Amino acid sequence: MTMAFARAESAAVADSGGFSKPWRYTPLNVSDAEFKAFRDLIFEKSGISLRDSKRELLRTRLGVVIRSKGLGSFGEYYDYVQADRTGRELVAMLDAVSTNVTSFFREPLHFEYLEKTVIPTVIKRQEKTVMKQLRGWSAGCSSGEEPYSIAITLLESSGLVGRWDMKVLATDISTEMLERAQQGEYSDETLKSAPKRLVSKYFSRDEAGGRRRYSINPAARELVSFRRFNLMTPQYPFKRKFDFIFCRNVMIYFDRKTQETLVNKFYNALEQGGALMIGHSESLTGIDHRFRYIQPTIYQKPE
Ligand SMILES: C[S@@+](CC[C@H](N)C(=O)[O-])C[C@H]1O[C@@H](n2cnc3c(N)ncnc32)[C@H](O)[C@@H]1O
């Protein structure tokens, strides 16, 4: 057992009134000390801040992983993750606890703003440039619905296709989500939120194992590059600044200080005049930043 966890264990023993049954024989309950140890680890590695109310979520999601590995307790699993030098177990643990809910054209206002305001602004800004480039970033892209919706919006915008070098970077901390995103295959149910006209234009349909499956077309797929990237990375490595960033329904899992650091990194990663789109339940109120407020959930780096 690691030193860190041994400390957590003795705290838990104290919590349980001195009852010192070994971790591996306890049922899959998560003690206060175990919850705190995982919460601290998750915060340190991903910025995700788990409140006490998320204890049950942690217990259920990690409980499944623990059993699948034949381990007997949260304590053992903590040590197992810490001992893995490859870092793969940590990634798998973060995969299990992160919330990945997403959908095509979620919060449609942002796609409208991209089409009607962001793209025309970029076109105007580069009027006299020969090598016309447009760069977007879907930060926290989950299983790909957001970056593909962005790609489709770019392809639907007149004047770009064939003339502009367009790229959308799509990043997430979850390798599992990135694998799904790269596959680019979706069900009927998943595509319910996308306009039918766009589904017929940008997806090809086939049947697999009696189930209908839709694959994103190469034109949209080629615009998107998927990468694993932790938003907590201190120095962002991007050479070219972005014309827009979608970081929606990600910051909601971070505390205020982490949000502030992140928002300021986004500011530096954007072109002047570039736009930041955040989720509808998120806001930059109370955060120290230099963005210009456009409307709820939409911000601009001043020109
Ligand atoms: C709820 S999903 C949002 C997906 C999409 N942006 C949307 O609004 O539909 C949040 C995503 O953020 C990712 N995430 C959480 N913490 C992260 C971090 N530190 N770095 C990168 N991605 C992170 C999760 O893995 C998850 O896929």
Side-chain angles (χ1 to χ4, degrees), residues 38-51 54 57-58 61-62 65 87 90-114 136-153 168-184 186 189-194 224-238 242 244-266 269 275-283 296-298:
F38 275 100
R39 187 165 66 178
D40 291 351
L41 182 64
I42 291 164
F43 180 69
E44 184 199 328
K45 301 296 181 189
S46 70
I48 297 171
S49 167
L50 293 179
R51 296 197 194 98
K54 298 289 177 196
L57 177 132
L58 184 114
R61 292 198 184 169
L62 292 190
V65 181
L90 180 74
V91 170
M93 191 269 285
L94 294 176
D95 272 1
V97 293
S98 58
T99 299
N100 311 108
V101 178
T102 185
S103 55
F104 279 99
F105 295 96
R106 182 183 196 181
E107 300 171 9
L109 172 80
H110 292 144
F111 297 94
E112 211 174 289
Y113 188 79
L114 176 62
W137 181 14
S138 162
C141 65
S142 191
S143 39
E145 286 86 334
E146 180 178 277
Y148 288 137
S149 303
I150 295 174
I152 291 172
T153 307
V168 179
L169 174 68
T171 64
D172 204 281
I173 198 169
S174 165
T175 45
E176 193 187 327
M177 287 304 124
L178 287 168
E179 268 167 37
R180 276 204 224 167
Q182 261 158 327
Q183 268 176 355
Y186 299 95
E189 187 58 28
T190 313
L191 278 159
K192 259 186 8 206
S193 57
V224 186
S225 307
F226 291 99
R227 301 263 180 284
R228 181 169 189 268
F229 182 72
N230 186 345
L231 291 169
M232 298 303 113
T233 304
Q235 297 289 329
Y236 284 5
F238 313 116
F242 297 100
F244 62 90
I245 298 175
F246 278 54
C247 184
R248 308 181 310 155
N249 310 298
V250 179
M251 284 196 294
I252 195 169
Y253 303 105
F254 302 156
D255 65 13
R256 262 305 189 234
K257 193 164 164 282
T258 309
Q259 290 178 353
E260 188 166 294
T261 310
L262 184 60
V263 162
N264 285 296
K265 284 197 248 180
F266 285 152
L276 171 67
M277 261 67 94
I278 63 174
H280 278 181
S281 49
E282 297 162 330
S283 126
T297 72
I298 302 181

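As the structure is a computational prediction, the values presented were derived from the model and not from experiment. Quick note: numbers below take in every heavy atom, side chains included, and nothing from hydrogens, waters or symmetry partners. Residues: numbered from 1 along the sequence shown. In each ligand, atom 1 is the first atom listed, and ligand 1 is the first ligand listed.
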For ligand 1, which atoms, with element, lie under 4.0 Å from some heavy atom of [X]?
X: N249; result: 1 (C), 2 (S), 3 (C), 7 (C), 8 (O), 10 (C)
X: T102; result: 4 (C), 5 (C), 7 (C), 9 (O)
X: F229; result: 20 (N), 21 (C)
X: F254; result: 16 (N), 19 (N)
X: S142; result: 4 (C), 27 (O)
X: R248; result: 3 (C), 5 (C), 6 (N), 7 (C), 8 (O)
X: I48; result: 15 (C), 16 (N)
X: L231; result: 18 (C), 19 (N), 20 (N), 21 (C)

What I'd like to find out is whether the side chain of [X] reaches to under 4.5 Å of the side chain of [Y], using heavy atoms alone.
X: M232; Y: T258; answer: yes
X: H110; Y: I298; answer: yes
X: P147; Y: F226; answer: yes
X: I150; Y: F244; answer: yes

Got the closest protein heavy atom to [atom], with its distance?
atom: atom 7 (C) of ligand 1; value: R106 NH1, 3.2 Å
atom: atom 19 (N) of ligand 1; value: S46 O, 2.7 Å
atom: atom 4 (C) of ligand 1; value: G140 O, 3.3 Å
atom: atom 22 (N) of ligand 1; value: I173 N, 3.2 Å

Between D172 and S142, does a side chain to side chain donor-acceptor pair (under 3.5 Å) hold up when you go through it step by step? CA-CA 6 Å; D172 204 281; S142 191; 5.1 Å; no

Whether W137 and F229 hold their rings parallel, tilted or perpendicular, with breakpoints at 30° and 60°: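 W137 vs F229 ring planes: perpendicular.
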
Nearest non-hydrogen atom to atom 24 (C) of ligand 1 belongs to which of D95, D172, T233?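 Closest candidate by heavy-atom distance is D172.
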
When you measure from atom 26 (C) of ligand 1 to each heavy atom in I42, L94, T99, which option holds the nearest one?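 Looking at heavy atoms only, the winner is T99.
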
Polar contact flag, side-chain donor to acceptor under 3.5 angstrom, Q183-R180: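 Side chains of Q183 and R180: no pair found under 3.5 Å.
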
Verdict with reasoning, F266 to F238, per ring-ring contact (aromatic ring centres under 6.0 Å, His included): CA-CA 11 Å; F266 285 152; F238 313 116; 9.5 Å; no

Any heavy atom of G279 sitting closer than 4.0 Å to ligand 1?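 Outside the 4.0 Å threshold, so no.
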
Under 3.5 Å donor-acceptor, N230 side chain and K45 backbone: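 Such a contact is found between N230 side chain and K45 backbone.
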
In plain terms, say whether K192 and E189 are close enough for a salt bridge, that is, a side-chain N and a carboxylate O under 4.0 Å apart.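 Counted as a salt bridge, because a side-chain N and a carboxylate O are separated by less than 4.0 Å.
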
Does only the side chain of V101 get under 4.0 Å from ligand 1, or the backbone, or both, or neither? Count heavy atoms.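 V101 to ligand 1: backbone contact only, side chain stays beyond 4.0 Å.
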
